[in-house]
Amino acid sequence: MKIAVVGAGYVGLVTAACLAELGNDVVCIDRDHGRVALLQAGGVPIYEPGLDDWVQRNQHAGRLRFSTALPAAVAHAEVIFIAVGTPPQEDGSADLQHVLAVAQQIGRHMDGFKVVVNKSTVPVGTAQQVEQALREHGQHDFAVVSNPEFLKEGAAIDDFMHPDRIVIGVPEGAAGERARTLMARLYAPFNRHHERTVWMDVASAELTKYASNAMLAMRISFMNEMALLADALGADIDAVRRGVGADSRIGPSFLYAGTGYGGSCFPKDTRALVHSAASQGLRMRLVEATEAVNAAQKQVLVQQVCARFGNDLRGLRFGLWGLAFKPNTNDMREAPSRTVIAELLARGAELLAHDPVATSEAQRALAADLGRPIADIPQLHFVDMPLDALHDVDALLVLTEWKCFHHPDFAAMAQRMRAPVVFDGRNLFDPAQMQELGFVYQGIGRRNRAARPVRVPRASHGPLLATAAQARPASRLHP
Ligand SMILES: NC(=O)c1ccc[n+]([C@@H]2O[C@H](COP(=O)([O-])OP(=O)(O)OC[C@H]3O[C@@H](n4cnc5c(N)ncnc54)[C@H](O)[C@@H]3O)[C@@H](O)[C@H]2O)c1
């Protein structure tokens, strides 16, 4: 089939590459000329495991092209996917300007019947606005379909190719029936083993995406709140997680306590849902609480650090493992590391940060958060290897559960650290093993013992960089 995908971000690129892999003739459009030039030259602008191979293979096979020229893509395609960003606005609502701008352009260049598929996450009622834009700017018949995307960054290709379900909302009437036939044909390869498509009306499809993300975010916040209680009561949240998740009514996914969720979806989609409800005079109290718990959870590691070292962290150096909001991505949108870094720097700490792939993105995001270029923040260093982040540090903070952090060389770690203290924001390590190895270990809800303030004898750190060494006093006593 002839397909156009507008938006070459996480969702658009993956959609384009996967549909091309199935033999479709796909044009992927983006307005960002630099991004399109990179893709045309065989590069991929985002880190997503395996995506570069899929893009290049399909480009070479002639099934996947990249362009900035939307008119030609509209003429080419029978089905046009809109996969552009819907970022949050100040009031929490989804910003639809990109979706509607694309709809207007499609309308202007339609030369016959088109199925316009909304893959972006958009509030209920957006399809109607897209229809209006198409009608105002075009003269041909069309159907606007809602087909929300459920892929996870870091496992995006696998999620797209092996979906649990494909949600498709089609409008009533003859155009809707025509769209349904085309969408059924397009997605037929995914339904060979069993029918995965859940057909519904457009508004329900739009709401299904928000309901799914809110439910997943709620599970995480629920477990984070349970973790605080587990700490207070002397229970281990990881045992609780296994016990709870073994119930087939509940299942094991999204039950991990940690430093809070981030990324481009859960934070913005929960806020947009609250806003949608408010516009109907309703309150989503569970979703509001989910957000509030998450905001507080992003502070938990900082509180643990302060409980041990005091609020004044000048003269202390901390290693950070992981910056991305989750493993297998370089996405820094709403990453908990951003909160932790800002808070620790504000208290005067020096930081050595390592992430396997997200360093450049992190530098961009942190420069924006902190309002100055990274080069002007002498207390913040980025290092290439995990062990380099431990040079003479007073403690390690684990912020992202990258696979390469699961089985580190603990002896080499302890050797480099000034004190063997680990704040494990992702519960990667076994508290009993860490204790045996001589570490002071604090996880999230793991019967924490390290929270007690300790007297830390201060001696000067070994120099790291001239600027950093100058910023540290020679010795201090805590608390
Ligand atoms: N990232 C995810 O994991 C994920 C998962 C499911 C759903 N979603 C949803 O999918 C949508 C896209 O998300 P994303 O993460 O892929 O966004 P993204 O920011 O990575 O990519 C969006 C792309 O759209 C392009 N774009 C914007 N306006 C355009 C226009 N007028 N014409 C052409 N291109 C334009 C941008 O240049 C950018 O490359 C959002 O609504 C998001 O909520 C995202």
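Values below: all heavy atoms of this structure, side chains included; hydrogens, waters and symmetry mates excluded. A quick note: this is a predicted structure, and the numbers were derived from the prediction, not measured. Atoms within each ligand, like the ligands themselves, are counted from 1 in listed order.
Assignment of Gln104 to the shell around ligand 1 is not supported, since no heavy atom sits closer than 4.0 Å. Using a 4.0 Å heavy-atom cutoff, Lys152 is absent from the residues neighbouring ligand 1.
Under 4.0 Å is where a charged nitrogen must lie from a carboxylate oxygen, and between Arg135 and Glu131 at least one such pair does. Salt bridge status for Asp25 with Arg63: absent, with no side-chain N to carboxylate O gap under 4.0 Å. Between Arg271 and Glu288, no side-chain nitrogen of the basic residue sits less than 4.0 Å from a carboxylate oxygen of the acidic one, so the salt-bridge criterion is not met. With respect to the salt-bridge test (charged N to carboxylate O, under 4.0 angstrom), the residues Glu149 and Lys119 qualify.
At a heavy-atom cutoff of 4.0 Å, ligand 1 is contacted by both the backbone and the side chain of Ser120. Residue contacts with ligand 1, taken as heavy atom pairs separated by less than 4.0 Å, do not involve Val122 at all. Heavy atoms of Cys265 found under 4.0 angstrom from ligand 1 belong exclusively to the side chain. Counting heavy atoms under 4.0 Å from ligand 1, residue Val102 touches it through the side chain alone. With a heavy-atom cut-off of 4.0 Å, Gln97 does not touch ligand 1 at all.
Closest heavy-atom approach to atom 11 (C) of ligand 1 among the candidates Val84, Thr86, Leu96: Val84. Here the shortest heavy-atom distance to atom 5 (C) of ligand 1, taken over Asp331, Asp159, Leu151, belongs to Leu151.
His76 contributes no side-chain N or O that, together with a main-chain N or O of Ala72, makes up a donor-acceptor pair within less than 3.5 Å. For the pair Thr86 (side chain) and Thr121 (backbone), a donor-acceptor distance under 3.5 Å is present.
Of the polar atoms of Asp269, none of the N or O atoms is found under 3.5 Å from an N or O of ligand 1, judged by distance alone. Annotation: Glu149 places no N or O atom under 3.5 Å from an N or O atom of ligand 1; distance criterion only. By the 3.5 Å distance cut-off applied to N or O atoms, Lys119 is not counted among the residues near ligand 1. Checked against a 3.5 angstrom limit, the closest N/O atoms of Lys209 and ligand 1 fall outside it. Where the criterion is an N or O separation shorter than 3.5 Å, residue side chain and backbone included, Val11 meets it with respect to ligand 1. In terms of polar-atom proximity, defined here as any N/O pair under 3.5 Å, Thr121 does make such a contact with ligand 1. Among the atoms of Asp30, some N or O lies under 3.5 angstrom from an N or O of ligand 1.
Seen from the ring of Tyr256, Arg426 does not count as a face-on cation partner, given the 6.0 Å and 45° thresholds. The side-chain tip of Arg178 points at the ring of Phe113 from less than 6.0 angstrom away and within 45° of straight on.
For atom 18 (P) of ligand 1, the nearest non-hydrogen atom of the protein is Gly9 CA, 3.9 Å. Closest to atom 28 (N) of ligand 1 among all protein heavy atoms lies Arg31 NE, 3.4 Å. Closest protein heavy atom to atom 1 (N) of ligand 1: Glu153 OE2, 2.7 Å. From the protein, the heavy atom lying nearest to atom 19 (O) of ligand 1 is Arg333 NH1, 3.7 Å. The nearest protein atom to atom 43 (O) of ligand 1, hydrogens excluded, is given as Lys268 NZ, 2.6 Å; this is a heavy-atom distance. Gly85 N, 3.7 Å is the protein heavy atom nearest to atom 22 (C) of ligand 1.
Side-chain contact check for Tyr47 and Asp331: no donor-acceptor pair (N or O, by modelled atom type) lies under 3.5 Å. A side-chain donor from one of Arg165 and Ser212 sits under 3.5 Å from a side-chain acceptor of the other. There is a side-chain donor-acceptor pair under 3.5 Å between Thr197 and Asn191.
By the 30° and 60° cut-offs, the orientation of the rings of His354 relative to Phe405 is perpendicular. Taking the six-membered ring where tryptophan is involved, the planes of Tyr187 and Phe81 are perpendicular, since the angle between them exceeds 60° and thus also 30°.
Residue Ile444 holds its CD1 atom at 12.0 Å from CG of Asp238, rounded to the nearest 0.5 Å. In this structure, the separation between CG on Leu64 and CD on Gln59 is 5.5 Å, given to the nearest 0.5 Å.
Atoms of ligand 1 lying under 4.0 Å from any heavy atom of Gly7, numbered from 1 in the order shown and given with element: 24 (O). Taking every non-hydrogen atom of Ala83 and a distance limit under 4.0 Å, the qualifying atoms of ligand 1 come out as 12 (C). The atoms of ligand 1 that sit less than 4.0 Å from any heavy atom of His98 are 28 (N). Below 4.0 Å from some heavy atom of Arg35 lie the following atoms of ligand 1, by number and element: 39 (O).
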